[in-house]
Amino acid sequence: MQLIDKLSVLADAAKYDVSCASSGAPKRSSKGRSGLGATDGMGICHSFTPDGRCVALLKILLTNFCLYDCQYCVNRRSSDVPRARFTPEEVVTLTLDFYRRNCISGLFLSSGIIRSADYTMEQLNRVARLLREEHEFRGYIHLKTIPGADPLLIAEAGRYADRLSVNIELPTESSLIRLAPEKQVVSIKQAMHAIHLGETEAQAEKRAPRFAPAGQSTQMIVGADATDDSTILHTAQSLYGDFHLRRVYYSAFSPIPHSPKTVPFEAPPLLREHRLYQADFLMRGYGFRAGELLAGPGNLPLDIDPKLAWALSNREHFPVDLNRAEPSLIARVPGIGILSAKRLVALRRQKRIRFEDLTRLRCSLEKAKPFVITQDYRPRLALQDSTALRQRLGEGPRQMALW
């Protein structure tokens, strides 16, 4: 098979893995030094850095051959998709060629499981080692870590990669047993622990070799089973707490040709995936707990965002007096973000907050109006029930799905 044909097969096979953002990578450049590439350049997969820059990553699989028969995966053993496999040297050649053409800023490399977890991890490490040591590539590298691989191989991967990730795949052990019987939650979490241990040791010793400086991430598939959003968010919360993950990514299940009967034949609403990302951001950035966003079993509402849903369910906290309230509570007001909350707190040290100050800070006035008190404003809607507010503040008509 020609290299271009392999690229066509293996780039398409990698599109289902969404945990490929390059956020958190350290600044590194070959400018004025030997080597090639940089992690801070402008940029085939587009990701975003913390400061908002868009970068492009070559996102491919080493191979889509796989020993496992995960029912939700297009590359499962029983699937009849075309198969291909790169050699490590071919991946290195493609990465360098695409970089020199200014098409990419880095590499996201994953793989199906071939021969064994250790053998697959060795092949992924070889790609990173060749790029770093032989070609002095200083661009971004994200390696997918194989559960069950020897911890020494994971430690080696951390020395070469900017970010490592281990996909938890499904939010519950029972679903993993049913849909991916060859995978085990214990081996997935052992790999996560090995990465977390490497990060901790590198941070504790200043002279220690760097280890995955952009941290680790994971991915959960949404809609491949009957798991609700409450369980998904509690699982994510546990992963953040246990392994200090940088991100949990959510991927709406995509029905694949000739899917087995064990998985749905219809994809979940993409808006559900979007709401989970919003809720995840509230947990990471605003201090919300999963139990606050969903007090019991069930899914996040699709017609309103999770922050507004929480505010409507907790009207006893509102309206908030912006001249007296704690910054953490101000940040929980719909339409006011963390940065705006900090600016309001700084501003009220100089003067009393007036409603026009929210306009200057570009807060979402329509959402914030029913929930705030300022020096010159008290909401007339404060006594309305949450149902009326939800109807008024809910999102408008949405484009229908094609299928």
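For the pair Pro171 and Ile232, the tightest heavy-atom approach, listed with the atom from each and the gap, is CG-CG1, 3.8 Å. Among all heavy-atom pairs drawn from Gly287 and Glu292, the shortest one is O-OE1, 4.0 Å. Heavy-atom minimum distance, Ala161 versus Leu164: CB-CD2, 3.7 Å. Minimum interatomic distance between Ala325 and Ile330 (heavy atoms only, all atoms of both residues): O-CD1, 3.7 Å. The minimum heavy-atom distance between Ile154 and Thr145, with the atom names listed, is CG1-CG2, 3.7 Å.
Between the CD atom of Glu156 and the CZ atom of Arg126 there is a distance of 11.0 Å, given to the nearest 0.5 Å. Between atom CD1 of residue Ile353 and atom CZ of residue Arg348 there is a gap of 7.5 Å, rounded to the nearest 0.5 Å. Taking CD1 from Ile373 and CG from Leu322, the interatomic distance works out to 8.5 Å, rounded to the nearest 0.5 Å. One finds the CG atom of Asp225 at 10.0 Å from the CZ atom of Phe253 (value rounded to the nearest 0.5 Å). The structure places CD1 of Ile304 at 8.5 Å from CG of Leu393, a figure rounded to the nearest 0.5 Å. The structure places CG of Leu389 at 6.0 Å from CG of Leu312, a figure rounded to the nearest 0.5 Å.
Between Arg246 and Asp162 no salt bridge is recorded (no basic side-chain N to carboxylate O distance below 4.0 Å). Look at Arg360 and Glu356 and you find a salt bridge, because one of the NZ, NE, NH1 or NH2 atoms lies within 4.0 Å of a carboxylate O, short of that distance. At a threshold of 4.0 Å, the pair Glu134-Arg129 does not count as salt-bridged, since none of the basic side-chain nitrogens sits closer than that to a carboxylate oxygen. Between Arg352 and Asp376, no side-chain nitrogen of the basic residue sits less than 4.0 Å from a carboxylate oxygen of the acidic one, so the salt-bridge criterion is not met.
Just one residue in the list Arg275, Arg390, Lys367 forms a salt bridge (charged side-chain N to carboxylate O under 4.0 Å, His left out) with Asp305, and that residue is Lys367.
Side-chain contact between Leu57 and His142: absent, with no pair of heavy atoms (C-beta onward) separated by less than 4.5 Å. Taking the side chain as every heavy atom from C-beta outward, Val222 and Ser251 never approach each other to under 4.5 Å. Side-chain contact between Tyr250 and Arg272: absent, with no pair of heavy atoms (C-beta onward) separated by less than 4.5 Å. In this structure, the side chains of Gln237 and Arg289 come closer than 4.5 Å at one or more pairs of heavy atoms.
Although no hydrogens or angles enter the test, the distance criterion places no donor-acceptor pair under 3.5 Å between the side chain of Asp228 and the main chain of Pro297. The backbone N or O of Arg354 lies less than 3.5 Å from a partner atom in the side chain of Asp357, making a donor-acceptor pair. In this structure, Arg101 contributes its side chain and Asp97 its backbone to a donor-acceptor pair below 3.5 Å. Looking at Thr93, its side chain does come within 3.5 Å of a backbone N or O of Glu89 through a donor-acceptor pair. With hydrogens and angles ignored, the 3.5 Å screen pairs a side-chain donor or acceptor of Arg132 with a backbone N or O of Phe137. Looking at Arg83, its side chain does come within 3.5 Å of a backbone N or O of Asn64 through a donor-acceptor pair. Lys189 places no side-chain N or O within donor-acceptor distance of the main-chain N or O of Gln184, the cut-off being under 3.5 Å. In this structure a side-chain-to-backbone donor-acceptor pair under 3.5 Å is present from Thr218 to Val166. Under a 3.5 Å cut-off, the side chain of Lys307 and the backbone N or O of Ile336 do form a donor-acceptor pair. At least one donor-acceptor pair closer than 3.5 Å links the side chain of Glu90 to the backbone N or O of Thr87.
For Arg77, the CZ atom is densely surrounded, since the number of other residues' heavy atoms within 6.0 Å is greater than 12. With a 6.0 Å radius and a threshold of 12 heavy atoms from other residues, nucleotides or ligands, Lys261 has its NZ atom at or below the threshold. Atom CD of Glu182 has more than 12 neighbouring heavy atoms from other residues, nucleotides or ligands inside a 6.0 Å radius. Shown here is Glu205, whose CD atom has more than 12 heavy atoms of other residues, nucleotides or ligands within 6.0 Å. The environment of Arg324 atom CZ is sparse: at most 12 non-hydrogen atoms of other residues, nucleotides or ligands sit within 6.0 angstrom. Under a cut-off of 6.0 angstrom, the local environment of CG in Leu270 is sparse, with at most 12 non-hydrogen atoms contributed by other residues, nucleotides or ligands.
Residue pairs meeting the ring pair (Phe, Tyr, Trp, His ring centres under 6.0 Å) criterion with at least one partner in residues 311-331, sequence neighbours excluded, are Trp310-His317, Trp310-Phe318, Phe318-Phe371. Screening residues 177-234 for ring pair (Phe, Tyr, Trp, His ring centres under 6.0 Å), with sequence neighbours left out, gives His196-His244.
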Mind running side-chain hydrogen bond (donor to acceptor under 3.5 Å, both in side chains) on Asn75 and Tyr68 for me, showing each step along the way?
CA-CA 9 Å; Asn75 301 313; Tyr68 295 166; over 6 Å; no

Could you please spell out the steps behind the side-chain contact (heavy atoms from CB on, under 4.5 Å) verdict for Ile168 and Met192?
CA-CA 9 Å; Ile168 194 74; Met192 289 182 172; 4.3 Å; yes

Does the side-chain contact (heavy atoms from CB on, under 4.5 Å) test come out yes or no for Phe355 and Leu365, once each step is laid out?
CA-CA 9 Å; Phe355 193 79; Leu365 300 183; 4.1 Å; yes

Could you check Ile141 against Phe108 for side-chain contact (heavy atoms from CB on, under 4.5 Å), going step by step and ending with a plain yes or no?
CA-CA 6 Å; Ile141 296 178; Phe108 174 92; over 6 Å; no

From CA spacing to verdict: side-chain contact (heavy atoms from CB on, under 4.5 Å), Leu96, His135
CA-CA 9 Å; Leu96 297 177; His135 298 278; 3.4 Å; yes

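Cation-pi check for Arg332 over Phe288 is met; the charged atom lies under 6.0 angstrom from the ring centroid and within 45 degrees of its normal. Both tests pass for Arg247 against the ring of Tyr249: distance under 6.0 Å to the centre and angle within 45° of the axis. In this structure, Lys6 fails the cation-pi test against Phe86, since its NZ or CZ atom is not both closer than 6.0 Å to the six-membered ring centre and inside 45 degrees of the ring normal.
Asp5 and Ser8 are not linked by any side-chain donor-acceptor pair at a separation below 3.5 angstrom, with hydrogens and angles left out of the test. No side-chain donor from either of Asn125 and Tyr160 sits under 3.5 Å from a side-chain acceptor of the other. Side-chain atoms of Thr235 and Ser238 include no donor-acceptor pair closer than 3.5 Å.
For Tyr72, there are no side-chain hydrogen bond (donor to acceptor under 3.5 Å, both in side chains) partners, not counting sequence neighbours. Checked against salt bridge (charged side-chain N to carboxylate O under 4.0 Å, His left out), Glu169 has the following partners two or more places apart in sequence or in another chain: Lys183. Legend: residues meeting side-chain hydrogen bond (donor to acceptor under 3.5 Å, both in side chains) with Asn299, ordered by chain and number and at least two apart, are absent.
For Tyr286 and Phe281, the ring centers sit closer than 6.0 Å to each other.
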N/O donor to acceptor pairs below 3.5 angstrom from side-chain atoms of residues 110-119, sequence neighbours left out:
residue	atom	partner	partner atom	Å
Ser116	OG	Tyr119	N	3.1
Asp118	OD1	Asp150	N	2.7
Tyr119	OH	Arg85	NH2	2.7

